[in-house]
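Starting from 1, each residue takes its place in the sequence as its number. One-based numbering, in listed order, for ligands and for the atoms of each.
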Amino acid sequence: MYISDIVPFVDLKSQWAEIEEEALPMVRKLLQRGELIGGYEVYSFEEEFANYIGAKHCIALSSGTAALHYALRAMGVGNGDEVITAANTFIATAEAIVLAGATPVLVDITDDGIHPSVENFIHAITEKTKALIPVHLYGFPMDLTGLYEFIKNKNIRILEDACQAHGAKINGRIIGKDCDAAAFSFYPSKNLGACGDAGAIVTNDDILASDLRMLRNHGSIKKYEHHLIGSTERMDVIQACILRKKLTKLDDWNKRRREIAQYYTDNLADIKGIWFPKESLNAEACYHLFVVHYEKRDELAQELNKNGIETGFHYPLPIHLMKPFSFLGKNHNSFPNAEKKCKSTLSLPIGPHLTISQAKKVSEAVRFFVEGK
Ligand SMILES: Cc1ncc(COP(=O)(O)O)c(C=O)c1O
């Protein structure tokens, strides 16, 4: 098979080709100026991303994991506290809770969806609950109106895991705009991806923002004046440069992802045995991933890979069945809906540079495998 026949799962080369001409001189200038920590590019990115989201603050950090971990710390989460999140998220969501010193309390997803319901979160709240982390999985935004209502006047914070949800909207509002705090990852394959690791928190809370600015920088704002135990979790300047350039493309790239998702929807929906999440009427997903569920997903993945179609599993195991989380004392059947989804999940190629003819090849290969025609 020729390389050109391969349908890549993620196409970072084409993204770079779109920004190279403008991004490279920016990086060169940065290196010539020797401005290698913080400075103009990072502050500009913070301002531009905060404006894009419509939030008061953006605090640029070294990764999405650092964003989740440090936001929890800035919210005062620590030893003895419980933080509730979904059983079917990426490990980093649960890791951040443990890194902050708290205990993850997992909740199952609904049997006909990919997220826990608001009621599932509410039922899991105890007097130890300090924070909730709903995850806008795959770029499908959750409607958290009921959850924000419920925690009003309670000492519970909401940290939205928006690591897969750059530009997604719910009730016409972009994710991150009206939140307590939202964590973004700029891991290269994300809808807005750096050329290495990077992340950010957006928030409208002045105190949270100011604590996060300190935590990422050894607890200090002014050199050698330390107020908190923090660490080195600042965003790298080169990442900020690349992100500034890519941010100008994000809406177009998300639009393109939605066109591909529509193509898949139109061409896969009638295949018996294939299920995939659909947007609710009040949602505009940014389709970080296009995930289908099929009972024989391993065989389907193998067949697609044989045809040069790259795929992924997001995620093959729910959190409670991962070795590092055995201490939670959960087992098979603790969260049956999440477990069932993890066994059948298969992510198809999607991205701003995937062509309709590539999406056609993928759809036809899926249909051929499932229906034999
Ligand atoms: C849902 C979710 N949460 C957290 C993270 C962690 O982000 P990072 O890889 O930037 O640390 C990711 C990244 O893959 C993610 O998808």
Novice: Under 4.0 Å between a Lys/Arg side-chain N and an Asp/Glu carboxylate O for Arg367 and Glu364?
Specialist: no
Novice: Specify the closest pair of heavy atoms between Leu159 and Ile201, including all atoms of both residues, with the distance to one decimal.
Specialist: CD1-CD1, 4.1 Å
Novice: Would you call Lys56 and Glu47 a salt bridge, using N to O less than 4.0 angstrom?
Specialist: no
Novice: State plainly whether the residues Asp205 and Arg157 are in salt-bridge range, i.e. N to O under 4.0 Å.
Specialist: yes
Novice: Within the protein, flag every N or O under 3.5 Å from an N or O of ligand 1, and note the pair and distance.
Specialist:
residue  : atom   : partner : partner atom : Å
ligand 1 : 3 (N)  : Asp161  : OD1          : 3.4
ligand 1 : 3 (N)  : Asp161  : OD2          : 2.8
ligand 1 : 7 (O)  : Ser185  : OG           : 3.3
ligand 1 : 10 (O) : Gly64   : N            : 2.8
ligand 1 : 10 (O) : Ser185  : OG           : 2.7
ligand 1 : 11 (O) : Gly64   : N            : 3.4
ligand 1 : 11 (O) : Thr65   : N            : 2.9
ligand 1 : 11 (O) : Thr65   : OG1          : 2.5
ligand 1 : 14 (O) : Lys190  : NZ           : 2.7
ligand 1 : 16 (O) : Gln164  : NE2          : 2.8
ligand 1 : 16 (O) : Lys190  : NZ           : 2.9

Novice: Assess the pair Tyr40 and Phe45: is the distance between their ring centroids shorter than 6.0 Å?
Specialist: no
Novice: What about Phe49 and Phe184, are their ring centers closer than 6.0 Å?
Specialist: yes
